[in-house]
Structures are given as C-alpha cells and as structure tokens.
There are 2 protein chains.
Amino acid sequence: MTKYTVKKLAKAAGVSVRTLHHYDRIGLLKPSIRTAVGYRLYGENELLRLQQILFYKELDFGLKEIAALINRPDFDRIRALESQKQLLKARRKRIDRLMSTLDKTILHIKGKIKMNYEELYEGLPKEQAAAWRKEALEKWPDQVKQSEKVLIGMSMEEFEVLKSGFKENFETLASLCGHGADPASERVQQEIDRHYHYILRFWGKPGNQVEAYKGLGELYLADPRYTGTGGAPFGLFMKQAIDHYVTSLPA
Amino acid sequence: MTKYTVKKLAKAAGVSVRTLHHYDRIGLLKPSIRTAVGYRLYGENELLRLQQILFYKELDFGLKEIAALINRPDFDRIRALESQKQLLKARRKRIDRLMSTLDKTILHIKGKIKMNYEELYEGLPKEQAAAWRKEALEKWPDQVKQSEKVLIGMSMEEFEVLKSGFKENFETLASLCGHGADPASERVQQEIDRHYHYILRFWGKPGNQVEAYKGLGELYLADPRYTGTGGAPFGLFMKQAIDHYVTSLPA
DNA sequence: TCTTGACTCTTACCTTACGTCATAGCCTAC
DNA sequence: GTAGGCTATGACGTAAGGTAAGAGTCAAGA
C-alpha cells in the first residue's frame with residue numbers, strides 16, 4: 001500500500017502542505033496514520049477523497065459544503081450538482097457578456113489613444129497629420145507599426161512628456177528657420193540632434209536609424225505645407241539641417 | 001445636481017452600504033461632500049466611478065489594482081484589459097470542461113441510483129423488477145417518470161425508510177395470503193391501506209390515484225410469478241384486496 | 001412639540017481558505 | 001555527526017466585506 005507524506009500528497013494533488021494541514025484541522029481530510037512522532041501519512045483512499053474535494057472546490061463549493069456533500073447520500077448530491085450546473089451556465093453567460101464589454105472598452109480607449117496620437121502633429125495643420133502618417137506608412141510600414149506599438153505600450157505621462165518636448169523642439173526649429181538661421185549652424189544642429197532623438201523614441205527602436213531619419217528630411221521637403229508657405233521655406237530648411245546632421249554623424 | 005446618500009447610492013449601484021464605507025476608508029471611492037454631521041453625500045461623478053469600479057471587479061481585479069487602474073493612463077489600461085481578456089477566455093474553457101465533467105458525474109450517480117431503485121423490488125425475484133417496471137412504463141408512462149423524478153429528489157435516508165417500510169408491508173401481505181386470510185378482512189385491508197399510501201409516496205403526487213392503484217392490482221394478477229406459483233395465488237389475492245379497498249373508499 | 005421609525009455614523013470583531021513566518025523536533029546521506 | 005530537507009504546532013496576516021453594538025440625525029405624523 002502506497003503511503004504519502006504531506007509533501008508527497010500535496011505534490012500529487014497539486015495543493016500546498018498548508019492546505020493539507022488545514023483540511024486535517026477542520027476534519028475534511030484526515031491522514032490514515034500518524035507516526036509515533038506525529039507525522040501525517042496518507043493512503044490511496046485519502047488521495048481519492050482529496051481529488052473529490054478538489055473537484056467540488058472547482059465548482060466553488062465551500063469547504064463545509066464539501067464536507068457535507070461527500071458524506072451525504074447520492075440523491076442530495078445530484079441536486080447539488082445540478083444546481084451547480086445551472087450556476088456554471090450562468091457564469092459562462094456572464095463571461096461572454098464581460099468579454100464583449102471588454103472588447104468595446106478596449107476599442108473605446110484605443111480610439112482615444114488614436115486621437116492623442118494625432119495631436120502629436122499639432123505643430124502642423126490638423127488635416128496634415130493623417131496625410132503625413134499615411135505617407136510614412138507607405139515608405140516605412142514596419143517602422144510606423146512599431147512606433148504605434150511603442151506608443152500603445154507607453155504610459156500617459158511618458159507620452160505627455162514626449163509630446164510636449166517634441167512640440168517645443170519643433171517650434172524652436174520653426175523659429176530658427178524664421179529668423180534665417182543657417183541649417184548647418186551649431187544652434188540649429190543642436191536642435192536637430194534633439195529632434196533626431198525624439199524621433200528615435202517615437203520609433204521605439206534604438207540604434208542606427210540614420211537612413212530612415214534622412215528619409216524623414218525628404219518628407220519635410222516633399223510636403224507642400226512646408227515648401228510653399230510664406231516666409232522661409234521650412235521644408236527645405238529641415239531637409240538641409242537633417243542632411244548636414246546625418247553626414248556629420250560618426251560612422 | 002443629484003446627490004446620493006449612502007443608501008441611495010448603494011441601491012443605485014447594487015452594492016451594500018458597508019461596501020461604500022469600505023471603499024471610502026481605503027480611499028477607493030470618497031464621497032464628494034460630508035455634511036456637517038458627517039453624512040456622506042455622493043454626486044454623479046461618484047456614481048460613474050463606482051460603476052467603473054464594479055466593472056473591474058467583475059473582471060476579478062482586486063480593489064488595490066482597481067485603484068491603480070482608474071488612476072493610471074489609458075495605455076496601461078489597455079494592457080491590463082487585454083490580459084484580462086485572456087484570463088476570461090481561459091476561464092470559459094475551464095467552465096466548459098467542468099460542465100462536461102459535471103454531466104458525467106451526474107450520469108454516474110444516476111446510474112447508481114437506478115441500481116438502488118431496482119433494489120426496491122427485491123421482494124420479488126430480481127429479473128422481475130425490470131419486467132414489472134417496463135410494463136408499468138407502458139401503462140402509465142407519465143406516472144413512472146414522475147415517480148423516478150420524486151425518487152431522485154429524495155434524500156438517501158428518506159429513500160431507505162420508505163424502501164424498508166414498503167418491503168415489510170409487502171412481506172406482511174404475502175404472509176397473510178400464505179395463511180389463507182380473506183382479502184376483504186380488516187387485517188388485510190389495513191395492510192392494503194398502508195400499501196396504497198406507500199405507492200402514493202413513490203408516485204410523488206398526492207390526491208386521488210385510485211384508478212392507477214386499481215390498475216396496479218391488475219398488474220399483480222397478470223404477473224405469472226404471482227398467479228402460478230405454488231401455495232396461495234398471491235396475485236389474485238392482491239387484486240381482490242385492492243379491488244375491495246378501492247370500492248370501499250369514500251367517493 | 002414630541003415621538004417614532006428609518007437612516008446615518010464609528011468602532012470593532014467575525015468570516016474563508018489558506019499564506020507566511022517562527023520555533024522546534026526528526027531523518028537521512030555523506 | 002552534522003548539514004540540509006523534511007515534519008510539527010502555533011500564531012498572526014490577508015481580502016472584501018458581514019454583522020452587530022452604541023449613538024446621533026432626520027422627516028413625518030399625532
């Protein structure tokens with residue numbers, strides 16, 4: 001006859017030793033033998049009984065109810081089990097409802113996030129945002145997807161900090177351009193460096209992204225909002241500044 | 001602006017007053033106002049927040065987690081909700097497995113009950129039981145189904161008491177028949193009265209069941225085990241006793 | 001105006017099914 | 001023979017409230 005010590009029975013049934021102590025104390029599952037020094041020893045019967053107990057526990061019966069159930073006759077058990085079946089059915093329905101509510105909630109929040117994301121481009125006219133993003137999506141689809149994944153995984157505070165810093169940086173560059181600064185000047189290059197690092201953080205992937213960043217310069221150049229507007233040609237300014245920055249970077 | 005007292009808010013949201021006190025103490029949901037004497041007053045905002053809380057609670061978040069969730073930004077919430085969705089999926093699967101195990105268990109127990117049920121006819125040779133039940137099922141299918149439903153719903157003790165009483169009654173009748181008692185005699189009729197009431201309890205439905213009981217008499221008569229055996233013709237004895245009993249009953 | 005009944009407050013112990021020490025004895029293997 | 005792993009009991013901790021006690025408050029009818 002196989003004998004189990006507490007730990008062995010616990011492992012066999014997937015419960016904790018403390019649980020067995022507890023069941024012993026409340027009289028739900030007592031060891032078949034106590035050794036001379038008080039060690040608990042369980043037999044096969046106890047393992048079976050424990051499995052019964054765990055079965056009822058899965059069904060959310062309380063330990064007292066379980067104690068009653070496994071002593072009480074079969075007729076009563078059938079009634080208990082059948083009412084439990086009803087409970088399970090109801091619970092499954094509730095879970096289904098929760099799941100759909102959950103999906104709706106997630107979609108709702110994602111909608112809000114998308115709005116925030118578009119606010120990022122506030123520096124330029126609002127309609128522009130979508131267009132710019134669309135073009136970026138064509139040029140570097142993986143890049144943009146990765147970027148959005150990063151944003152989704154970012155906390156609201158991080159996002160806010162990043163956004164406002166980026167905006168400020170962008171406005172500084174616009175201002176420098178407006179004042180006729182040289183795209184290759186140290187002041188502008190300093191700001192472009194910040195710009196580059198913001199872009200890197202939006203893109204999520206660290207490391208060498210110079211090629212993509214160079215492409216971003218062309219995007220500024222190609223954008224009619226930046227090439228044609230009155231005053232200094234901001235798109236060209238950005239492209240030149242970025243080109244200079246990229247070529248002056250250490251290999 | 002609508003204001004809710006504790007009880008009103010509790011009723012509106014379907015929780016207990018104690019729960020609101022608790023949420024106040026742990027800082028999860030504080031009333032917008034405390035009156036001069038310390039009464040809690042909640043506004044619409046608090047109702048909405050409470051609904052949020054209950055939503056997360058349905059998803060099995062702990063109160064601390066909920067407090068974190070409803071303060072934390074949307075990006076984090078999406079992640080939490082999405083992992084919760086996975087949990088719900090897993091739980092639904094587990095419920096499905098439980099349901100099928102439950103069905104099997106119920107069937108198993110019902111099988112055992114059926115065996116016990118057949119023991120009921122122990123007074124007569126074992127093979128007879130099934131045959132008798134089959135015939136009864138043809139004559140009064142609803143009656144028998146109802147009877148089994150009643151037995152299933154009965155506790156083991158009730159069943160045992162009923163069974164042994166019925167058996168004893170049956171044996172007394174057999175003995176009376178064996179000693180050549182008159183089916184219409186008071187002693188036999190007294191026993192038949194007990195018999196009738198046992199049958200009523202097996203059938204579960206109280207009220208006038210005389211017609212069916214009369215039919216039962218014919219069943220005894222038609223049964224070759226009772227008509228042809230050596231000694232007194234027990235089947236005929238029972239039919240006559242039952243007939244006499246039924247006709248002598250008050251309308 | 002007084003009283004009654006419904007409501008409110010705080011404080012504080014109770015519950016379930018264990019988890020988590022703390023302290024101490026036991027057993028086995030090198 | 002001693003270290004490392006097992007065992008025991010006892011006692012306190014946990015989450016999310018339930019339940020009860022003692023006391024103050026409010027609105028309405030007699």
Side-chain angles (χ1 to χ4, degrees), chain A residues 2-43 46-47 49-70 80 84 87 91 94, chain B residues 2-43 46-47 49-70 80 84 87:
Chain A
T2 321
K3 284 292 168 193
Y4 301 88
T5 61
V6 258
K7 187 152 203 204
K8 280 181 190 164
L9 182 62
K11 227 193 308 177
V15 300
S16 75
V17 171
R18 180 62 172 87
T19 298
L20 294 181
H21 283 175
H22 186 57
Y23 290 177
D24 186 5
R25 186 170 319 252
I26 67 175
L28 180 55
L29 181 70
K30 293 204 163 289
S32 54
I33 297 175
R34 284 281 199 150
T35 71
V37 295
Y39 282 24
R40 291 169 180 84
L41 290 181
Y42 300 86
E46 281 68 37
L47 176 55
R49 187 176 165 99
L50 179 52
Q51 282 168 345
Q52 274 282 305
I53 291 170
L54 295 180
F55 171 63
Y56 287 121
K57 212 155 73 78
E58 287 263 16
L59 296 174
D60 273 343
F61 285 97
L63 296 189
K64 280 182 186 170
E65 290 174 286
I66 294 177
L69 269 173
I70 55 189
Q84 204 58 27
L87 267 179
R91 206 181 305 170
R94 218 178 42 119
Chain B
T2 320
K3 285 291 170 192
Y4 300 89
T5 61
V6 258
K7 186 151 203 204
K8 281 179 190 165
L9 182 62
K11 226 193 309 178
V15 300
S16 75
V17 171
R18 180 60 171 85
T19 298
L20 293 181
H21 284 176
H22 186 56
Y23 290 177
D24 186 6
R25 186 170 320 250
I26 67 175
L28 180 55
L29 181 71
K30 294 204 163 288
S32 54
I33 296 176
R34 283 281 199 149
T35 70
V37 296
Y39 282 26
R40 293 169 178 83
L41 290 182
Y42 300 85
E46 282 68 38
L47 176 55
R49 186 176 165 99
L50 179 52
Q51 283 168 344
Q52 273 282 305
I53 291 170
L54 295 180
F55 171 63
Y56 287 121
K57 212 156 72 79
E58 287 262 15
L59 295 174
D60 274 344
F61 285 98
L63 296 190
K64 280 182 186 169
E65 290 174 286
I66 294 177
L69 269 173
I70 56 190
Q84 204 58 28
L87 267 180

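First the proteins, then the strands, lettered A, B, ... as listed; each starts at 1.
Contact between the side-chain N/O atoms of Lys7(B) and the OP1/OP2 oxygens of dT8(C) is not found at any separation under 4.0 Å.
One atom, CG of Leu29(A), and another, P of dC18(C), lie 12 Å apart when rounded to the nearest Å. Counting to the nearest Å, the P atom of dT11(C) and the NE2 atom of His21(B) are 12 Å from each other. As rounded to whole Å, 16 Å separates atom P of dT8(C) from atom NZ of Lys3(B). Regarding Asp60(B), its CG atom lies at a distance of 15 Å from the P atom of dA15(D), rounded to whole Å. If you measure from atom CZ of Arg18(A) to atom C1' of dC6(D), you get 17 Å, rounded to the nearest angstrom. In this structure, Leu20(A) places its CG atom 10 Å from P of dG19(C), rounding to the nearest Å. Rounded to whole Å, the distance from CG on Leu28(B) to C1' on dA15(D) is 13 Å. Remark: C1' of dT9(D) and CZ of Arg40(A) are 9 Å apart, rounded to the nearest angstrom.
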> Hey, mind stepping through Glu46(B) and Lys30(B) against salt bridge (Lys or Arg N to Asp or Glu O under 4.0 Å) and telling me if it holds?
Replying inline: CA-CA 8 Å; Glu46(B) 282 68 38; Lys30(B) 294 204 163 288; over 6 Å; no
>> The test is side chain to side chain contact (heavy atoms under 4.5 Å, CB included); show your working for Arg34(B) and Asp24(B) and say whether it passes.
In response: CA-CA 12 Å; Arg34(B) 283 281 199 149; Asp24(B) 186 6; 3.2 Å; yes
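Here dT11(C) is the nucleotide among dG17(D), dA17(C), dT11(C) with the atom lying nearest to any side-chain atom of Arg25(B). Distances from the side chain of Arg34(A) to the nucleotides dA8(D), dC26(D), dC9(C) place dA8(D) closest. Here dA15(D) is the nucleotide among dG18(D), dA15(D), dG10(D) with the atom lying nearest to any side-chain atom of Lys64(B). Comparing atom distances between the Thr19(A) side chain and each of dC18(C), dC27(C), dT8(C) picks out dC18(C) as nearest.
For an aromatic pair to be called close, the ring centres must be under 6.0 Å apart, and Tyr4(B) with Tyr42(B) fails this.
Distance CG/Leu9(A) to OG1/Thr5(A): 8.0 Å, rounded to 0.5 Å.
Nearest-nucleotide assignment on DNA chain D puts the 5′-proximal partner with Leu63(B), out of Leu63(B) and Thr35(B). Heavy-atom nearest nucleotides on DNA chain C were determined for Leu41(B) and for Tyr39(A), and the one closer to the 5' end corresponds to Leu41(B).
Within 4.0 Å (heavy atoms only), Lys57(A) reaches sugar-phosphate atoms of the nucleic acid but no base atom. Here Val6(A) lies in heavy-atom contact (under 4.0 Å) with sugar-phosphate atoms only. When heavy atoms are screened at a 4.0 angstrom cut-off, Ser16(A) is found touching the sugar-phosphate backbone but no base atom.
Closest of all the heavy-atom pairs between Gly43(A) and Lys3(A) is CA-NZ, 4.0 Å.
With hydrogens and angles ignored, no donor-acceptor pair under 3.5 angstrom links the side chain of Tyr23(B) to the base of dG17(D).
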